[in-house]
Amino acid sequence: MAACRALVSRAVLPLHYHHVCRGVMLTHIREKKRWMKAYTLIMERKRKMEGPPPPKPRSQQPNFDYHAEVEAFSARLQESFSLELLKTAFVNVCYLRSEEERRRALGLDLETTTLNLKDNGELCVHGQQFTKAFLSDWCRGSFPSLPQEGVAAIVGHLTGSEVMCHVARNLAVEDLTMSAEFPVPDEILQGTFFAVIGALEQSSGSVRAGLFIRDFLVTQLIVKDLFDMWKVVDPMGLLVKELTCKGIALPEPRLIRSAGASTVLPLYFVGLYSDRKLLAQGPGETVLAAEEEAARVALRKLYGFTENRRPWDYTAPHEQLQKPSAQALTSE
Amino acid sequence: MTARGTPSRFLQSVLHNGVGRYVCQLKRISLIFSKKGQGSLGVRDFIEEGVVDFAKNNPGTVVYISPQSCRIPKIVAEYLNGNVKEETVTNKASQEIAELITKLSNQSGLDIIRIRKPFHTDSPSIQGQWHPFTNRPPRLCIVFIL
């Protein structure tokens, strides 16, 4: 065997010898392969040098049938979408552009190979308007004393790209999205999700679309605090404004409790009294911080956004939805 | 191993599933089997008998049947939160495979690791969490030096 290999010159190789690279030659034998260790080490080094392979979209991996997936998407959410509208909702402008460029680059004749796909721009705008209107109405309905900026902040948070993309990814919208790049950028995913809501509204009506938004977007409010979503710089000023509007006496802050004033972790409780009745009390490390926190607690109580409020009733399908889009669209 | 050596998580659900509507978390299930191998006999029997009923009962899950030349038949389940679970079903009976598939369809895609607490609540306190100052009578100039 060794003598055989010694006689082989580089120019002429017998049929069953194969140079993989410098240092590894494959010969077909049935025993333990001598080239295996060298080959494995070279492949490991190559893999470590190149890093992990780029992620591939699910549609390019084995076992993916687009039509079946779209049907399953609509069945899974217990909604009956019109499949045409739903497929249009997933097609983005960037995908159409990249496809046309690819076809042009391949030298295909533009007239015979135009894409028959419509993009989701209209559906996206429609869905966005409907979602914002519905969520504003819902907020105003369930928190009637919340001012306009608060409602706008909550709606902005729920329709912002973080929350929308989180919901879209966990509903498998990313698998079905047709876009130019992968992983799908946040704005495009958000736009696709709005388009899906728009498609739902056009297929099944605004009541069903409202229920969909309630079940998937309003649930994202569950453990959130009001002032995480709404940045209020001066809670005391806002509280004074609210109380003057209602005609209640202005709040007077009083130090209620204090502990460890001379230690590194002092604790002060400040209570806000209006007309000698306690509005709210809040803790803080310094007296000023405690006063601000007390103002925030008072605002939360006023707007009804406390932690121990009654949770929203998701079982009642129709009574709580009172003509969502009409009011908001006329008022805005 | 020990609890600290193995991963653990809290009881949670994907996207507060069940609060609004219940969404079946299994999105795709692929049966990979061989047409002639003896390990795939159970899978082939299941495909003859039970897979169509399963697909009819779960319209939200796409079932892919892919016969390949493989020595070990597999079931690959993909969930909505992105997790992929592979189970080998070599030499399993058709009934066992049916039960396994029902189990996979009832799971959410979260990892099967130790759950720290068997309960979770979003509103842990109704009347306000107790702290050492609750229910203490506020007298004037009460100051605790700790």
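Throughout, a chain's letter reflects where its sequence line sits, starting with A, and its residues are numbered from 1.
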Working for side chain to side chain contact (heavy atoms under 4.5 Å, CB included), residues A:T219 and B:L15: CA-CA 8 Å; A:T219 45; B:L15 279 194; over 6 Å; no
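Highest contact tally toward chain B, considering only A:A75, A:P311, A:S74, A:A68, is held by A:A75 [criterion: heavy-atom pairs under 4.5 Å]. For the set A:T306, A:D175, A:L265, the count of heavy-atom pairs under 4.5 angstrom toward chain B peaks at A:D175. For the options A:R76, A:E174, A:H166, heavy-atom pairs under 4.5 Å to chain B are most numerous at A:R76. Per-residue counts of heavy-atom pairs under 4.5 Å with chain B were compared for A:E307, A:Q220, A:R309; the largest is that of A:Q220. Among A:E71, A:R169, A:E79, the residue making the largest number of heavy-atom pairs under 4.5 Å with chain B is A:E79. The residue among A:D215, A:V167, A:N308 with the most heavy atom pairs within less than 4.5 Å of chain B is A:D215. With chain A as the partner, the residue from B:L26, B:V76, B:V62 showing the most heavy-atom pairs under 4.5 Å is B:V62.
Remark: A:E84 CD is loosely packed, at most 12 non-hydrogen atoms of other residues, nucleotides or ligands lying under 6.0 Å away. Atom CD of A:Q60 has more than 12 heavy atoms from other residues, nucleotides or ligands within 6.0 Å. Within 6.0 Å of the CD atom in B:E99, the count of heavy atoms belonging to other residues, nucleotides or ligands exceeds 12. The 12-atom threshold is exceeded at CZ of B:R114, counting heavy atoms of other residues, nucleotides or ligands nearer than 6.0 Å. Crowding of A:Q61 atom CD: a count of heavy atoms from other residues, nucleotides or ligands under 6.0 Å exceeding 12.
Judged by distance alone, with hydrogens and angles left aside, the side-chain atoms of B:R21 form a donor-acceptor pair with the main-chain N or O of A:L77 at under 3.5 Å. Side-chain atoms of B:Y64 never come within 3.5 Å of backbone atoms of A:P62 as a donor-acceptor pair (strictly under, hydrogens ignored). A donor-acceptor distance shorter than 3.5 angstrom exists from the side chain of A:R257 to the backbone of B:F133, with no hydrogens or angles considered.
Note that the CG atom of A:N170 and the CG atom of B:N17 stand 10.0 Å from one another [nearest 0.5 Å]. With rounding to the nearest 0.5 Å, the separation of CG in A:N63 from CG in B:L31 is 9.5 Å. The line from CD1 of A:I222 to OG of B:S123 is 9.5 Å long, rounded to the nearest 0.5 Å.
The two residues B:V23 and A:F216 make their nearest non-hydrogen contact at CG2-CZ, 3.7 Å.
B:S66 touches chain A through its side chain: at least one heavy atom from C-beta onward sits under 4.5 Å away, while N, CA, C and O do not. Heavy-atom distances place the side chain of B:V14, and not its backbone, under 4.5 Å from chain A.
Looking at B:K27 and A:E69, no side-chain N of the basic residue comes within less than 4.0 Å of a carboxylate O on the acidic one, giving no salt bridge.
Between A:F269 and B:H131, the ring center distance clears the sub-6.0 Å criterion.
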